[in-house]
Enquirer: 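Next up is a structure, given as structure tokens.
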2 protein chains.
Amino acid sequence: MTQVGEPQDPRSAVRRALLGLKHPKLEKRNFVELGMIPEVRLENRRVIVTLALPVRQTPAREQFEQMVKATASEACPGWPVEVAVRAMTPEERATFSVRAQGRGPGVGDRPAIQNVVAVMSGKGGVGKSSVAGLLACAARRRGLRVGILDADITGPSIPKLFGVHEHPGEGPGGIQPPETRTGIEVMSINLLLPDEDRPVIWRGPLIGRAIQQFWNDIAWGDLDVLIVDLPPGTSDAALTVMQSLPVHGIVLVTSPQDLAAMVVRKAAHMAEQMGVRLYGLVENMSHLLCPHCGRRIDVFGKSGAERIVQQCDVPLLGHIPLDPDLAAKCDHGEIEDYESGSFEAIAEEILEAIGRPHAEREAEVAVPGAAR
Amino acid sequence: MTQVGEPQDPRSAVRRALLGLKHPKLEKRNFVELGMIPEVRLENRRVIVTLALPVRQTPAREQFEQMVKATASEACPGWPVEVAVRAMTPEERATFSVRAQGRGPGVGDRPAIQNVVAVMSGKGGVGKSSVAGLLACAARRRGLRVGILDADITGPSIPKLFGVHEHPGEGPGGIQPPETRTGIEVMSINLLLPDEDRPVIWRGPLIGRAIQQFWNDIAWGDLDVLIVDLPPGTSDAALTVMQSLPVHGIVLVTSPQDLAAMVVRKAAHMAEQMGVRLYGLVENMSHLLCPHCGRRIDVFGKSGAERIVQQCDVPLLGHIPLDPDLAAKCDHGEIEDYESGSFEAIAEEILEAIGRPHAEREAEVAVPGAAR
């Protein structure tokens with residue numbers, strides 16, 4: 001993983017450093033978390049940091065610009081840094097207001113949720129839920145306290161993957177999310193339905209409200225990471241999650257098909273527009289090893305991940321092969337029994353990107369949500 | 001295919017006959033089309049027809065009940081018929097009002113669209129768009145006039161499958177949908193975007209409005225069949241299509257995973273609640289033949305289609321194997337060059353179920369949309 005000061009990736013060093021830059025008037029919040037740093041990019045060997053302001057002509061403009069420039073420059077010695085200032089989009093402003101009001105992790109009477117990570121694709125059926133589930137399992141195996149918020153209200157998969165079927169109970173702090181066998185807290189609309197086959201025929205506003213309730217009204221315990229499994233699309237669910245939840249970053253999931261890649265690029269651009277950072281891209285279903293002859297089959301064609309990585313400036317976290325054993329374990333609610341070397345490496349990268357989880361992180365630069 | 005009067009499938013005979021039963025006060029509309037016959041089922045060798053009324057205590061209740069009973073009984077001699085009357089759900093009532101107001105095919109100044117068929121799954125990534133595309137190609141090869149309305153606003157795939165990229169033109173009747181190489185009319189949000197990677201970050205109401213405009217404001221020609229490609233989920237897009245478009249029936253698509261099956265059953269139940277009939281179920285990605293050793297691989301496990309068929313009382317139209325050649329053709333915009341025996345048989349069934357398309361149908365019992 002890239003550390004502060006390593007010359008080979010100034011972008012992540014800069015992002016990391018900016019996480020420690022508190023807003024002078026909103027002291028618990030840093031610039032990144034407030035969506036004020038929608039982009040850090042490289043151009044002709046210069047680092048360009050975009051600074052988005054809620055109002056373009058704010059008197060603090062110069063002060064902010066200099067703060068960002070100084071912090072970024074210090075983080076990548078030897079790289080020239082430029083700050084490009086622009087006004088926030090209406091979407092970004094909405095996110096800013098939510099976060100500025102303090103609806104975030106570790107704030108007020110909400111138990112501390114250290115990190116909120118969304119798993120997104122735009123495209124359906126590429127394995128978002130499997131990746132969300134596997135990431136939760138990997139984090140849990142490392143001893144982290146983990147929850148999964150299933151934001152797919154009309155097509156929820158998470159309870160099935162984990163074999164969790166009991167209704168949530170009532171506790172002193174509100175609705176108690178059930179726990180999986182290994183102790184992952186889970187909330188999904190399917191746990192509230194009398195019958196899992198029942199459709200939830202709701203228009204967007206209700207979808208958004210349900211997700212907000214899953215965030216606000218569920219008695220999540222102290223969590224190191226809450227993983228949000230997003231449905232396909234860039235409509236209500238994704239918008240609500242990015243605007244109303246303090247998402248620290250997004251894991252993008254794709255499959256090799258070009259068809260998927262195009263829709264995934266839409267999702268990547270949405271995240272960029274909303275000022276939420278992308279941890280990286282996971283390519284699922286990348287190939288299959290024939291269980292009979294052992295040879296490789298590119299079921300969905302050659303990987304299209306490279307094009308996404310280039311066009312969307314997002315790191316490639318790794319490839320996951322198609323594995324009938326994973327499909328079977330998911331169908332039988334036994335995802336926690338599945339382990340694969342290829343995913344472990346990916347999980348390691350994501351968990352590191354989230355920002356040194358667990359005890360180690362406390363000693364680091366301030367990270368969103370670390371403030372209590 | 002089952003014909004009127006064939007003893008082995010009284011349900012389809014009854015449905016067919018009820019298509020000819022006009023509402024006494026809304027003469028252009030038949031009972032099925034108005035959503036008044038949400039279900040025809042078998043129980044202890046009796047045919048049970050559900051008659052849904054907008055208002056339970058309507059004075060016409062007995063008259064309607066007897067009309068339905070007489071028409072159904074005549075269609076399946078030897079089978080006892082019972083009519084179960086109930087009030088419409090709010091959703092059904094909404095659909096009823098739209099259709100009663102005459103917003104349907106062949107009505108007013110809209111060019112005649114004979115049949116509207118939606119392809120739905122609930123689940124993402126099971127190949128809805130491929131099935132919609134292949135169905136369009138199969139219908140076109142039979143000489144039918146075909147259009148595809150891509151109702152997936154945030155993850156549109158149809159233009160890519162067909163290699164259609166030009167912007168729609170303006171014509172005397174409104175916006176002209178571009179045509180594919182073989183002459184299939186296509187409308188999709190991606191044809192209106194300056195760049196296909198641009199995300200459409202819209203909440204539900206805008207999604208619904210876009211779909212309605214694709215129906216109302218596009219100068220579709222005279223079509224034998226308009227195929228609507230629905231996005232995953234049972235939210236805005238599916239609701240709008242079922243409530244605002246005169247959908248004659250739905251083709252359900254699933255994959256073998258149990259995980260998919262559960263979400264697909266939700267979609268099937270939504271269709272039932274909305275009073276839209278299901279033509280049947282297509283299982284996509286059912287297995288793969290190894291291109292190296294030729295042996296069969298159940299990539300996503302054993303088929304879960306049987307359970308859907310049983311639990312949702314919907315016919316199984318067939319299985320489509322995973323075929324890397326189809327994935328490649330879809331990625332290269334060449335879906336029209338793909339032909340497969342397994343899909344041809346499925347298409348044949350669907351087109352027959354739609355109700356004897358093309359010239360033959362004019363001589364048949366009245367079919368929704370046939371009235372001009």
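First the proteins, then the strands, lettered A, B, ... as listed; each starts at 1. These figures come from a predicted structure and were not determined experimentally.
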Enquirer: Donor-acceptor check, side chain of A:K266 to backbone of B:E196, threshold 3.5 angstrom: yes or no?
Expert: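 Side chain of A:K266 to backbone of B:E196, a donor-acceptor pair under 3.5 Å: yes, one is there.
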Enquirer: For the residue pair A:M270 and B:T154, establish whether any side-chain heavy-atom pair is separated by less than 4.5 Å.
Expert: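 Not touching, per the 4.5 Å side-chain cut-off.
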Enquirer: Rounded to the nearest 0.5 Å, what separates atom CD in A:Q257 from atom OG in B:S157?
Expert: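 These two atoms lie 9.0 Å from each other.
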Enquirer: Taking non-hydrogen atoms and a cut-off under 4.5 angstrom, which of residues 118-126 of chain A neighbour chain B?
Expert: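 Within residues 118-126 of chain A, the residues that come under 4.5 Å of chain B (heavy atoms only) are A:K123, A:G124, A:G125.
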Enquirer: Checking heavy atoms, do the side chain of B:S129, its backbone, both or neither come under 4.5 Å from chain A?
Expert: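 For B:S129, neither part sits under 4.5 Å from chain A.
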Enquirer: Is B:R198 close to chain A through its backbone or its side chain, or both, or neither, when contacts mean heavy atoms under 4.5 Å?
Expert: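 Interface part for B:R198: backbone (N, CA, C, O).
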Enquirer: What part of B:I201 is in contact with chain A, defined as an atom under 4.5 angstrom from a non-hydrogen atom: side chain, backbone, both or neither?
Expert: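 It is both, since atoms from each part get that close.
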Enquirer: Under a 4.5 Å heavy-atom cutoff, which of A:I153, A:T240, A:L259, A:V263 has the most pairs with chain B?
Expert: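 Heavy-atom pair counts peak at A:L259.
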Enquirer: With chain B as the partner, which of A:K128, A:R265, A:R203 has the greatest number of non-hydrogen pairs under 4.5 Å?
Expert: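 Highest number of pairs under 4.5 Å: A:R203.
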Enquirer: I'd like to check B:D258 versus A:H332 (side-chain heavy atoms, cut-off strictly below 4.5 Å). Are they in contact?
Expert: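 Of all side-chain heavy-atom pairs linking A:H332 with B:D258, none is under 4.5 Å.
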Enquirer: Is B:L193 close to chain A through its backbone or its side chain, or both, or neither, when contacts mean heavy atoms under 4.5 Å?
Expert: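 For B:L193, the contact with chain A is made by the side chain alone.
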Enquirer: Under 4.5 Å from any heavy atom of chain A, what part of B:L288 do you find: side chain, backbone, both or neither?
Expert: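 Only the side chain of B:L288 comes within 4.5 Å of chain A.
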Enquirer: Between B:N190, B:L239, B:D195, which shows the greatest number of heavy-atom pairs under 4.5 Å with chain A?
Expert: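 Ranked by contacts with chain A, first place is B:L239.
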Enquirer: Could you tell me which of B:P324, B:S235, B:G127 has the largest number of non-hydrogen atom pairs under 4.5 Å with chain A?
Expert: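 The option with the most such pairs is B:S235.
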Enquirer: Using non-hydrogen atoms and a limit below 4.5 Å, what part of residues 301-308 of chain A faces chain B?
Expert: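 Those residues of residues 301-308 of chain A which would need a heavy atom under 4.5 Å from chain B do not exist here.
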Enquirer: With chain B as the partner, which of A:P199, A:P156, A:G204 has the greatest number of non-hydrogen pairs under 4.5 Å?
Expert: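 It is A:P199.
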Enquirer: Hey, which of A:T234, A:D323, A:L161 has the most heavy atom pairs under 4.5 Å with chain B?
Expert: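 Result: the option with the highest number of such pairs is A:T234.
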Enquirer: Does any heavy atom of chain B fall under 4.5 Å from the side chain of A:L322, the backbone, both, or neither of them?
Expert: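 For A:L322, the side chain is the part near chain B, not the backbone.
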Enquirer: Return the option, out of A:D236, A:I207, A:D152, A:I297, with the maximum number of heavy-atom pairs under 4.5 Å with chain B.
Expert: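 So the answer, after comparing A:D236, A:I207, A:D152, A:I297, is A:D236.
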Enquirer: Counting only non-hydrogen atoms closer than 4.5 Å, does B:D325 touch chain A with its backbone (N, CA, C, O), its side chain (CB onward), both, or neither?
Expert: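 No part of B:D325 comes within 4.5 Å of chain A.
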Enquirer: Mind checking whether A:C290 and B:H292 have side chains closer than 4.5 Å, heavy atoms only?
Expert: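 A side-chain contact under 4.5 Å is absent here.
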